[in-house]
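None of the values given here were measured: they were computed from a predicted structure.
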Amino acid sequence: MLLEVKDMRVHYGKIEAIKGISLEVAEGEIVTLIGANGAGKTTTLKTISGLRALTSGTVTFDGADISKMPGHKRVLAGIGQSPEGRGVFPGMTVTENLLMGAYTRTGDLTKDLDEVFELFPRLAERRNQAGGTMSGGEQQMVAIGRALMSKPKVLLLDEPSMGLAPMLVAQIFSIIKTINERGTTVLLVEQNAQQALQLAHRAYVLETGKVVKSAPAADLLNDPQVRAAYLGGE
Ligand code: ATP
């Protein structure tokens with residue numbers, strides 16, 4: 001396993017947001033976490049990337065226990081994150097934003113920038129535009145591109161489709177597929193369960209800080225309970 005979370009518990013003050021979650025992501029997979037608002041999806045990603053500390057349990061990455069490793073070292077170890085809300089630096093250009101993702105790296109980054117621009121031609125066209133003036137969908141592309149600039153082994157994506165028009169949602173999902181096909185493992189958090197399950201290999205369903213189901217994504221698309229709760233199905 002590339003990434004393994006075992007019995008993870010996370011608190012905000014006295015409130016236990018994550019109540020003993022275990023999950024695994026194998027190299028090459030796209031795994032998605034779905035669940036209602038407040039189920040703990042974002043907290044799970046933040047704890048994997050080191051933005052939140054865990055109360056108990058372990059996070060193992062690439063064979064090493066990283067449970068206590070600070071976040072910046074996890075980036076070096078190969079964990080890249082595109083955060084909820086995107087976190088684009090508004091006063092910096094698109095190129096400068098992308099280069100922030102490579103903050104921990106040295107050497108010639110031209111080739112890596114070109115790869116991001118090839119994935120997102122819109123960013124290439126607007127490379128000198130201020131991040132803050134980009135549209136919501138374009139800022140999402142900046143956030144994903146910036147995470148890719150750290151050359152992650154696993155890319156953590158938090159709600160990449162949030163607030164996007166349907167056509168852009170389809171485009172973002174198709175780019176995630178390409179990123180995965182080019183060798184990056186993906187852990188995807190999504191409200192848009194239908195599209196996430198169509199894209200992912202496997203999925204975990206979270207409810208109030210617990211995993212209530214885990215299965216191949218295709219199986220969950222046909223699961224009556226999942227259809228009723230998350231897919232707007234009958
Ligand atoms: P959403 O889809 O709405 O973003 P989520 O599944 O990502 O939800 P989390 O954001 O991880 O859920 O939140 C899990 C629980 O932790 C919720 O009950 C939330 O209110 C709580 N929580 C999250 N962040 C904080 C915080 N900074 N302080 C206190 N409680 C928090």
Side-chain angles (χ1 to χ4, degrees), residues 2-3 25 30 41-53 59 61-62 64 66 68-164 168-169 171-180 182-190:
L2 181 60
L3 174 68
V25 183
I30 301 179
K41 306 181 295 297
T42 295
T43 305
T44 300
L45 284 196
K46 281 184 173 169
T47 312
I48 291 170
S49 65
L51 292 173
R52 294 285 323 170
V59 180
F61 182 67
D62 221 0
I66 60 160
K68 296 206 166 73
M69 186 186 275
H72 66 279
K73 292 210 171 135
R74 296 192 201 193
V75 179
L76 286 170
I79 298 180
Q81 183 169 23
S82 171
E84 186 173 28
R86 301 156 194 154
V88 168
F89 299 102
M92 296 172 88
T93 66
V94 167
T95 303
E96 287 165 349
N97 265 283
L98 294 176
L99 289 172
M100 286 306 282
Y103 193 74
T104 53
R105 298 177 55 207
T106 49
D108 186 12
L109 299 166
T110 319
K111 187 171 151 281
D112 304 299
L113 267 179
D114 285 345
E115 273 177 34
V116 171
F117 287 142
E118 190 248 325
L119 270 177
F120 300 103
R122 179 62 68 92
L123 299 188
E125 287 163 21
R126 292 170 179 254
R127 65 184 78 197
N128 296 319
Q129 187 171 324
T133 63
M134 300 285 277
S135 75
E138 290 166 349
Q139 290 194 26
Q140 187 60 63
M141 295 175 193
V142 173
I144 297 174
R146 183 183 55 197
L148 286 174
M149 288 297 289
S150 71
K151 287 268 164 205
K153 290 180 186 148
V154 68
L155 178 61
L156 311 181
L157 295 173
D158 198 345
E159 305 264 10
S161 80
M162 193 194 278
L164 304 189
L168 257 182
V169 174
Q171 201 183 331
I172 290 279
F173 275 85
S174 141
I175 290 167
I176 296 168
K177 185 159 191 264
T178 304
I179 290 169
N180 175 252
R182 291 182 182 176
T184 308
T185 303
V186 175
L187 180 56
L188 170 70
V189 157
E190 261 300 332

Side chains of [X] and [Y] in contact at under 4.5 Å (non-hydrogen atoms):
{"X": "Tyr103", "Y": "Val75", "answer": "no"}
{"X": "Met134", "Y": "Leu123", "answer": "yes"}
{"X": "Met141", "Y": "Ile172", "answer": "yes"}
{"X": "Leu2", "Y": "Asp62", "answer": "yes"}
{"X": "Arg126", "Y": "Ser135", "answer": "no"}
{"X": "Ile79", "Y": "Ile66", "answer": "yes"}
{"X": "Ile144", "Y": "Gln140", "answer": "yes"}
{"X": "Leu148", "Y": "Leu119", "answer": "yes"}

Measure the [atom1]-[atom2] distance between [X] and [Y] for me, rounded to the nearest 0.5 Å.
{"X": "Leu45", "Y": "Gln81", "atom1": "CG", "atom2": "CD", "value": "6.0 Å"}
{"X": "Phe173", "Y": "Leu188", "atom1": "CZ", "atom2": "CG", "value": "5.5 Å"}
{"X": "Thr184", "Y": "Ile179", "atom1": "OG1", "atom2": "CD1", "value": "7.0 Å"}
{"X": "Glu84", "Y": "Lys41", "atom1": "CD", "atom2": "NZ", "value": "8.0 Å"}
{"X": "Met149", "Y": "Glu115", "atom1": "CE", "atom2": "CD", "value": "9.0 Å"}
{"X": "Arg146", "Y": "Gln139", "atom1": "CZ", "atom2": "CD", "value": "10.0 Å"}

- [ ] Please lay out, stage by stage, how Met69 and Leu76 fare under the test side chain to side chain contact (heavy atoms under 4.5 Å, CB included).
- [x] CA-CA 11 Å; Met69 186 186 275; Leu76 286 170; over 6 Å; no
Would you name the heavy atoms of [X] and [Y] that are closest together and state the gap between them?
{"X": "Leu113", "Y": "Leu99", "value": "CD1-CD2, 4.0 Å"}
{"X": "Val186", "Y": "Val25", "value": "O-CG1, 4.5 Å"}
{"X": "Ala130", "Y": "Pro90", "value": "CB-O, 3.6 Å"}
{"X": "Ser150", "Y": "Ala147", "value": "OG-O, 2.9 Å"}
{"X": "Ala143", "Y": "Val88", "value": "N-CG2, 4.4 Å"}
{"X": "Ser82", "Y": "Leu157", "value": "CB-CD2, 3.7 Å"}

Are the side chain of [X] and the backbone N or O of [Y] linked by a donor-acceptor pair below 3.5 Å?
{"X": "Asn97", "Y": "Phe89", "answer": "yes"}
{"X": "Arg74", "Y": "Leu51", "answer": "no"}
{"X": "Glu190", "Y": "Ser161", "answer": "yes"}
{"X": "Arg127", "Y": "Phe117", "answer": "no"}

